[in-house]
There are 2 protein chains.
Amino acid sequence: MDSHQQTRTRAPRVTAAMVAAKAGVSTATVSLVANGKTQGRVSEENISRVRTAIAELGYVVDSIGSSLARGVSSIVILVTPDVSNPFFANVIAGVRESLGAQYQLLLSVTDAGESPQADDVRKLLALRPAGLLVGAPSAEFLEDLSAGGPLVLLDAPGLDSWAPSVNLDVAQGARELARHLASSGHTRAAYVDGITGTETFKLRREAFLEEASRCGLTVSADHIISTSIDVGEAAAAFAEAWPSWQREGVTAVVCGTDTHAYGVLQEARVEGIRIPEEVAVAGFDDLPYSATSNPSLTSVHLPATDLGRKAGEQLRALMEGLALTEAHVTLESSLVVRGSTVPA
Amino acid sequence: MDSHQQTRTRAPRVTAAMVAAKAGVSTATVSLVANGKTQGRVSEENISRVRTAIAELGYVVDSIGSSLARGVSSIVILVTPDVSNPFFANVIAGVRESLGAQYQLLLSVTDAGESPQADDVRKLLALRPAGLLVGAPSAEFLEDLSAGGPLVLLDAPGLDSWAPSVNLDVAQGARELARHLASSGHTRAAYVDGITGTETFKLRREAFLEEASRCGLTVSADHIISTSIDVGEAAAAFAEAWPSWQREGVTAVVCGTDTHAYGVLQEARVEGIRIPEEVAVAGFDDLPYSATSNPSLTSVHLPATDLGRKAGEQLRALMEGLALTEAHVTLESSLVVRGSTVPA
DNA sequence: CTGAAAGCGCTTACAG
DNA sequence: CTGAAAGCGCTTACAG
């Protein structure tokens with residue numbers, strides 16, 4: 001059994017030359033048939049001979065050879081800053097859906113929350129991707145990327161000048177959230193931010209803070225903290241900050257992501273802090289679990305699947321050489337109010 | 001600005017020939033230096049000339065050309081049946097961690113819960129991956145894959161004869177769960193299974209059922225249902241089944257994944273069914289959210305990150321031509337008891 | 001409609 | 001230590 005494993009040998013590769021020999025044609029003809037470019041260039045006779053040979057030998061065009069000849073591969077690279085955030089699972093599903101089967105999706109992820117570096121970019125580009133999808137990028141990253149081909153940005157507010165983009169209007173939901181809290185009677189709130197400097201986090205925070213101050217909800221500078229996107233870290237950070245926040249009259253905590261909010265909920269449970277009576281909690285993303293958390297979590301809903309789907313569509317158009325009718329698309333966000341901000 | 005986007009041109013590719021010309025050497029020498037194979041084959045003089053030229057031109061070995069010449073790419077493909085399950089985010093993180101920077105991780109996902117087909121396999125193999133990591137595969141899939149090179153299976157119970165593997169001992173946790181419920185006084189339970197025919201689901205179910213019957217916890221055949229791994233679908237399935245289950249004395253519901261369990265929790269809340277008083281609920285996976293759900297969820301903890309990390313290590317050894325000291329590794333699972341099965 | 005040939009960028013015996 | 005050359009598998013003008 002072990003020898004079965006150790007001696008795994010690659011089956012002899014079936015090449016276009018083998019198909020050509022079997023069908024009695026040239027490799028040029030095999031290539032034409034395999035790629036469906038026979039229109040007025042290959043006789044019916046030869047088409048069927050080649051098809052038969054392909055089927056019998058189980059031939060598949062080698063993508064390495066093909067990529068080298070064409071100058072581009074069939075790989076689409078999706079660069080995301082953080083796969084561990086379940087938000088991305090939905091983005092990925094959307095991308096796959098719209099990209100179709102002819103492109104291979106390569107997920108490139110950096111370590112949790114870190115932005116990819118210039119060196120990573122080069123390695124990605126060395127794969128000769130057919131297209132690039134970049135989520136929540138930094139401006140430097142885009143600078144490094146400047147040499148690329150088809151490129152679509154996802155969730156890249158303020159970076160529209162670099163490339164076509166699909167964005168989320170997080171500000172709208174953030175403002176709704178501020179108004180919701182203010183109208184629920186809160187006058188002092190704290191903010192738990194993501195630690196990565198991604199634009200969307202900044203936008204969420206700034207839109208919230210601006211609208212908050214407009215409606216009489218105060219968030220003082222030392223009531224803003226940040227942690228990585230991790231339940232445990234958020235819990236710890238909240239644990240440390242809460243005593244003084246409470247002393248200083250904070251009655252609402254807004255988190256940059258639902259994951260941060262789960263940490264706050266967890267710590268609150270451990271410490272016996274009542275939610276929403278003692279402190280209201282809200283997040284961004286509206287992850288699937290926010291409906292079942294304890295209590296259920298008020299959150300700004302972001303359409304992750306749509307984001308991925310639309311970005312895939314745009315990229316596909318670009319890769320096919322089409323002009324985009326709309327280079328910049330914005331998807332709406334909206335507040336979902338649940339038990340963490342409203343007493344049952 | 002739009003024209004900036006439309007006219008994006010690929011920067012002229014820097015080739016080994018350009019580096020060679022600049023350094024005054026042959027491309028063979030450039031290749032040797034770029035790949036660090038200079039040991040006793042290139043003079044110090046030439047090494048530094050080439051290094052300088054590489055740095056000045058920003059040369060990166062083209063992975064397509066390189067792959068074609070070597071016969072294998074630097075891509076590692078991770079085939080997973082379902083990215084939307086957050087469990088995989090951790091598996092992926094573990095794989096990335098142990099695989100290192102020299103391999104590119106390509107995530108290949110099929111549509112939710114569907115097994116990849118023979119045709120998909122061929123497309124994957126056409127990329128000439130350096131290695132393959134296959135999660136929760138079916139036997140047919142492995143059959144199709146038989147031609148491959150380095151391969152490690154993840155979470156593939158019962159398929160050890162195909163390739164080296166890293167498995168989870170889910171049975172152990174499943175038995176613990178059965179004993180926990182029986183000792184809490186339950187005598188009738190129902191089971192909500194995953195709809196995909198993956199071995200791990202079968203193993204979870206069978207180990208649970210076996211131990212349950214051993215300790216006097218009855219699970220009749222018509223109290224076993226299955227849905228896809230989706231909160232909403234699980235909720236709907238539970239909603240439909242619960243009235244008769246309740247009538248027939250069921251007081252505990254065990255779910256094949258935590259995601260299924262979230263659906264049950266959600267429906268229970270909607271219907272005002274008290275948990276754990278009226279019905280106890282438990283799952284498998286121990287996702288991060290299970291600690292904060294309402295109520296918190298009793299679950300069989302599975303070490304996702306370790307699974308990915310260990311599988312990456314094994315594959316790496318294989319790709320480097322090393323023999324594995326242990327071809328089959330099993331990681332332990334354990335029950336985490338929380339509020340969904342024990343009254344506060 | 002068809003095939004011989006060049007070329008994509010690189011690696012690796014091989015001869016020197 | 002070095003470079004000319006063959007070859008990886010495919011695609012695409014090009015000549016017929």
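Labels below follow one simple rule: chain letters A, B, ... track the order of the sequence lines, proteins then strands, and each chain is numbered from 1.
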Length of the [atom1]-[atom2] vector between [X] and [N], whole Å:
| X | N | atom1 | atom2 | result |
| --- | --- | --- | --- | --- |
| B/L68 | D/dA6 | CG | C1' | 13 Å |
| A/Q39 | C/dT2 | CD | C1' | 17 Å |
| B/R128 | D/dG9 | CZ | C1' | 7 Å |
| A/I64 | C/dC10 | CD1 | C1' | 12 Å |

Check A/E313 with A/K310, please: is the shortest side-chain N to carboxylate O separation under 4.0 Å?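 Yes.
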The contact string for nucleotides 11-16 of chain C, one letter per nucleotide 5' to 3', using protein heavy atoms under 4.0 Å with B, S and - for base, sugar-phosphate only and none, comes out as SB----
Contact under 4.0 Å: A/N46 side-chain N or O vs C/dC1 OP1/OP2: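 Checking C/dC1 against A/N46, no side-chain N or O comes under 4.0 Å of OP1 or OP2.
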OP1 or OP2 of C/dC10 sitting under 4.0 Å from any side-chain N/O of B/S63?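 No, because none of the side-chain N or O atoms of B/S63 sits under 4.0 Å from OP1 or OP2 of C/dC10.
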A/D160 side chain to A/S165 side chain, donor-acceptor N/O pair below 3.5 angstrom: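 Yes - a donor-acceptor pair under 3.5 Å links their side chains.
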Would you kindly say whether A/R309 and A/T305 are connected by a side-chain donor-acceptor distance under 3.5 Å?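 Per modelled atom types, A/R309 and A/T305 side chains form no pair under 3.5 Å.
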Do you know which of A/L318, A/L133, A/L315, A/L132 makes side chain to side chain contact (heavy atoms under 4.5 Å, CB included) with A/L151? A/L132
Which residue is it: B/V91, B/V79, B/V134? I am looking for the one with a side chain to side chain contact (heavy atoms under 4.5 Å, CB included) to B/L154. B/V91
Just by modelled atom types, is the B/K37 backbone N or O under 3.5 Å from a matching donor or acceptor in the B/N35 side chain? no
Tell me if a side-chain donor or acceptor on B/T52 pairs with a main-chain N or O of B/S48 at a distance below 3.5 Å. yes
Tell me which nucleotide among C/dC10, C/dG3, D/dG3 gets nearest to the side chain of A/S26. C/dG3
In terms of heavy-atom contacts, does CD of A/E320 have more than 12 from other residues, nucleotides or ligands at under 6.0 Å?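 Check passes, neighbour count above 12.
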Using Watson-Crick and G-U wobble pairs whose two distances are both under 3.5 Å, how do you write the pairing of DNA chain D as dot-bracket, with | for links to another strand? |||.||||||||.|||
